[in-house]
Amino acid sequence: QVQLVASGGGLVQAGDSLRLSCAASGRTITTYTMGWFRQAPGKEREFVAAISWIGGNPVYADSVKGRFTISRDNAKSTVYLQMNSLKPEDTAVYYCAARKGTIAAVTPSLYEYWGQGTQVTVSS
C-alpha cells in the first residue's frame, strides 16, 4: 500500500506561482510512476502531468505545458508540481497519484493510489 498526502494548494491571483507537494508513505515510490490530476467543479478528473520512475521526459497536458513542471525526490518520497503563470482556468482540486510501472500514463483509471487532493484557486 502507498499512502499519498498532497499539500501546497491555496488562493492566488492570475500570474502567480504555487508549488504542490505529494508525500508518499507505506512503500517506497522509487519504482512507481507518479502523476498529478485535477478536477474542477462539474468536470471530470483530467490529467496534468506524470513522471516515470525510470527517468526520461515527463509528460504534460497541453494546457499546462511550459507553465507547470513535475519533479520527484525519491530520497524524500515526494513529488512536486511547480505551477507558474497560473490562470483562472487552473482552478481545481489537484490530486497526486501513483502507479506501478514505467509508463507515465494519462488515464486516471491506470493509477492505483490517490492522495486526498489539495484545492488551488486562481482569481482573475
Side-chain angles (χ1 to χ4, degrees):
Q1 287 286 342
V2 175
Q3 291 80 44
L4 303 173
V5 178
S7 61
L11 172 62
V12 297
Q13 294 186 333
D16 286 351
S17 298
L18 275 177
R19 189 176 80 156
L20 305 184
S21 299
C22 176
S25 62
R27 285 187 179 180
T28 176
I29 61 168
T30 305
T31 57
Y32 282 78
T33 287
M34 303 299 295
W36 285 96
F37 293 78
R38 66 187 182 187
Q39 188 166 17
K43 294 188 177 181
E44 293 187 352
R45 192 167 298 188
E46 65 173 3
F47 170 77
V48 176
I51 184 167
S52 172
W53 66 271
I54 63 169
N57 294 327
V59 178
Y60 297 96
D62 288 342
S63 59
V64 307
K65 203 170 293 183
R67 300 187 297 123
F68 291 12
T69 302
I70 187 173
S71 62
R72 63 190 297 160
D73 185 338
N74 287 337
K76 295 182 178 180
S77 293
T78 301
V79 178
Y80 305 97
L81 184 68
Q82 177 66 43
M83 306 186 294
N84 299 329
S85 302
L86 283 162
K87 304 175 180 179
E89 50 264 43
D90 294 319
T91 296
V93 177
Y94 283 71
Y95 299 90
C96 60
R99 67 180 304 270
K100 192 71 171 176
T102 60
I103 297 176
V106 304
T107 305
S109 61
L110 295 178
Y111 286 77
E112 302 153 51
Y113 303 102
W114 290 84
Q116 85 289 2
T118 183
Q119 176 71 47
V120 172
T121 304
V122 185
S123 63
S124 57

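None of these values were measured; they are calculated from a predicted model.
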Checklist entry - Listed by chain and number, what are the ring-ring contact (aromatic ring centres under 6.0 Å, His included) partners of Tyr111, not counting sequence neighbours? => result Phe37
Checklist entry - Leu4 versus Cys96: any side-chain heavy-atom pair under 4.5 Å? => result yes
Checklist outcome for this item: Heavy-atom nearest pair, Ala98 first then Met34, reads CB-SD, 3.5 Å
Next on the checklist: Other residues, nucleotides and ligands only: do more than 12 of their heavy atoms fall within 6.0 Å of NZ on Lys43?
Outcome noted: no
Checklist outcome for this item: Output for pair (Arg72 CZ, Cys22 SG), nearest 0.5 Å, gives 10.0 Å
Next on the checklist: With heavy-atom distances below 4.5 Å as the criterion, would you say the side chains of Phe68 and Leu86 are in contact?
Outcome noted: yes
Next on the checklist: What verdict does the side-chain contact (heavy atoms from CB on, under 4.5 Å) test give for Trp114 and Arg45, after you've listed the backbone C-alpha separation in whole Å, the side-chain angles of each residue and the deciding distance to 0.1 Å?
Outcome noted: CA-CA 12 Å; Trp114 290 84; Arg45 192 167 298 188; 3.2 Å; yes
Checklist entry - If only atom types and distance count, is the side chain of Gln39 paired as donor or acceptor with the main-chain N or O of Ala92 below 3.5 Å? => result no
Checklist outcome for this item: When rounded to the nearest 0.5 Å, the distance separating CG of Asn74 from OG1 of Thr30 is 4.5 Å
Checklist entry - So, the side chain of Thr33 versus the backbone of Gly101: is there a donor-acceptor pair under 3.5 Å, distance only? => result yes
Checklist outcome for this item: Of all heavy-atom pairs linking Gly10 and Leu18, the shortest is N-CD1, 4.0 Å
Checklist entry - In terms of heavy-atom contacts, does CD1 of Ile103 have more than 12 from other residues, nucleotides or ligands at under 6.0 Å? => result no
Next on the checklist: Per the salt bridge (Lys or Arg N to Asp or Glu O under 4.0 Å) rule, what does the pair list look like for residues 115-124, sequence neighbours excluded?
Outcome noted: none
Next on the checklist: Ignoring hydrogens, what is the shortest heavy-atom contact between Leu81 and Ala49? Give both atom names and the distance.
Outcome noted: CD1-CB, 4.2 Å
Item to check | Same apolar cluster: Tyr32 and Tyr80, side chain cutoff 4.5 Å | outcome: no
Item to check | side chain to side chain donor-acceptor pair (under 3.5 Å) partners of residues 85-106, not counting sequence neighbours, each pair once | outcome: Thr31-Lys100, Arg38-Asp90, Arg38-Tyr94, Arg67-Asp90
Checklist outcome for this item: residues 57-88 vs disulfide (SG to SG under 2.5 Å), sequence neighbours excluded, gives none
Item to check | Under the ring-ring contact (aromatic ring centres under 6.0 Å, His included) test, residues paired with Tyr113 that sit two or more places apart | outcome: none
Checklist outcome for this item: All heavy atoms of Ala50 vs all of Ala105, minimum pair found to be CB-O, 4.0 Å
Item to check | Heavy-atom closest contact (Val59 atom, Ala104 atom, distance) | outcome: CG2-CB, 3.9 Å
Checklist outcome for this item: So the side chain to side chain donor-acceptor pair (under 3.5 Å) pairs with at least one residue in residues 2-19 (sequence neighbours excluded) are Ser17-Asn84
Checklist entry - How many angstroms lie between atom CZ of Phe47 and atom OH of Tyr60, to the nearest 0.5 angstrom? => result 9.0 Å
Checklist entry - Looking at Leu20 and Met83, what are the two nearest heavy atoms and their distance? => result CG-CE, 3.7 Å
